[in-house]
Amino acid sequence: MRYNQKVLIKNQPTDKVINAFHNIKFVKFLMLLQPIRIINWEGIENKQKAAFYLWFFGWRKFEVEHSNYKKSNNQLSFIDQGLKLPLGIKTWHHKHIVKTHNKGTLIIDKLKFSHSQQLTGFLIYPLLVFPIFIRHILYKIYFFNK
């Protein structure tokens, strides 16, 4: 299953947005008011890991390792690759891209995941996509006063 989204952050320099992705405060902000708790967050560079508890009728561990980290003055990209996945999820591949746009900075999320049972995968799709979907709003709120 897939989910892709693009969010334009107007009038924000790309380096400022890139730096935010390296900051645990930004990660915590993106998870505010959601049934997600951070257990461990090492960073977003290659081989660094992040672990979370995701609540779905009980707390379930979700762990990823970052790979394909690439950074320049006008672009950042990295991948969250699933290591420990709850709820029967077989694979998790979430690519983050931040790049310069003529009106500011563009943030792109590309998610691919698979589930051991297709029907169950469709049923939990909204639960897995929602924390990314609401970034349409959260990215803009976070960078509004920055």
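- Side-chain heavy atoms closer than 4.5 Å link hydrophobic residues (I, L, V, M, F, W, Y) into clusters, and following such links, even through other members, never connects I132 to I79.
- Annotation for W59 and P35: closest pair CZ3-O, 3.6 Å, computed over non-hydrogen atoms.
- Put simply, CE on M1 and OG1 on T91 are 10.0 Å apart, with the number rounded to the nearest 0.5 Å.
- Of the possible polar contacts, one joining the E42 side chain to the K49 backbone as a donor-acceptor pair under 3.5 Å is found.
- Across all their heavy atoms, N4 and L111 have their closest contact at OD1-N, 3.9 Å.
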**OP:** Would you check, one step at a time, whether the test side chain to side chain contact (heavy atoms under 4.5 Å, CB included) holds for L83 with V64?
**Re:** CA-CA 5 Å; L83 294 176; V64 297; 5.8 Å; no
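- The two residues A51 and K61 come nearest to each other via the heavy atoms CB-CE, 4.1 Å.
- Residue E63 holds its CD atom at 9.5 Å from CG of L85, rounded to the nearest 0.5 Å.
- In the hydrophobic cluster analysis, where Ile, Leu, Val, Met, Phe, Trp and Tyr join through side-chain heavy atoms closer than 4.5 angstrom, F144 is grouped apart from L8.
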Subject >> Derivation of the side chain to side chain contact (heavy atoms under 4.5 Å, CB included) call for F29 and L32 >> reply: CA-CA 5 Å; F29 177 81; L32 276 177; 3.7 Å; yes
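- Listed for the Q34 side chain is a donor-acceptor partner under 3.5 Å among the backbone atoms of L30.
- Expressed to the nearest 0.5 Å, how far OG1 of T105 lies from NZ of K16 amounts to 10.0 Å.
- Note on Y3: it does not cluster hydrophobically with L119, by side-chain heavy-atom contacts below 4.5 Å among ILVMFWY residues.
- Within a 6.0 Å radius of CZ in F133, no more than 12 heavy atoms belonging to other residues, nucleotides or ligands are found.
- Residues H66 and N46 bring no donor and acceptor atom of their side chains to less than 3.5 Å of each other.
- Using a 30° and 60° split on the angle between ring planes, F26 and Y139 fall in the parallel class, below 30°.
- Nearest heavy-atom pair across A50 and W41 is CB-CD1, 3.7 Å.
- Aromatic pair F52/F62: ring centres not closer than 6.0 Å.
- A cation-pi arrangement, defined by a distance under 6.0 Å to the six-membered ring centre and an angle within 45 degrees of its axis, is absent between R60 and W55.
- L123 and L87 are not part of a single hydrophobic cluster, where members link through side-chain heavy atoms under 4.5 Å apart.
- Using a 4.5 Å cut-off on side-chain heavy atoms (C-beta onward), I9 and I107 make contact.
- How far CD1 of I44 is from OG of S67: 11.5 Å, rounded to the nearest 0.5 Å.
- No continuous path of ILVMFWY side-chain contacts below 4.5 Å connects F143 to I108, so the two sit in separate hydrophobic clusters.
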Original post:
Q5 and R135: side chain to side chain contact (heavy atoms under 4.5 Å, CB included), yes or no, with the steps?
Top reply: CA-CA 9 Å; Q5 77 178 14; R135 292 178 185 183; 3.8 Å; yes
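- Judged by distance alone, with hydrogens and angles left aside, the side-chain atoms of S77 form no donor-acceptor pair with the main-chain N or O of I97 at under 3.5 Å.
- With rounding to the nearest 0.5 angstrom, the NZ atom of K6 is 11.5 Å from the NE2 atom of H136.
- One finds the OG1 atom of T100 at 9.5 Å from the CG atom of L106 (value rounded to the nearest 0.5 Å).
- In N40, the CG atom is crowded: over 12 heavy atoms of neighbouring residues, nucleotides or ligands sit closer than 6.0 Å.
- Ring to ring, H22 and Y69 are close: their centroids are under 6.0 angstrom apart.
- Heavy-atom minimum distance, P131 versus I36: CG-CD1, 3.8 Å.
- At a threshold of 4.5 Å between non-hydrogen side-chain atoms, the residues D109 and V7 do not count as touching.
- Checking each of H93, H94, H96 against F78 for a ring-ring contact (aromatic ring centres under 6.0 Å, His included) leaves exactly one that passes, namely H96.
- Counting only heavy atoms from C-beta outward, the side chains of L128 and L54 approach each other to under 4.5 Å.
- Considering only residues two or more places apart in sequence or on other chains, Q117 meets the side chain to side chain donor-acceptor pair (under 3.5 Å) condition with T120.
- Here the side chain of Q75 pairs no donor or acceptor atom with the backbone of S72 at under 3.5 angstrom.
- Taking both residues in full, the closest heavy atoms of N74 and I18 are given as C-CD1, 4.4 Å, listed atom of the first, atom of the second, then distance.
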Subject >> Test side chain to side chain contact (heavy atoms under 4.5 Å, CB included) applied to L76 and K70, step by step >> reply: CA-CA 6 Å; L76 167 72; K70 296 175 186 155; over 6 Å; no
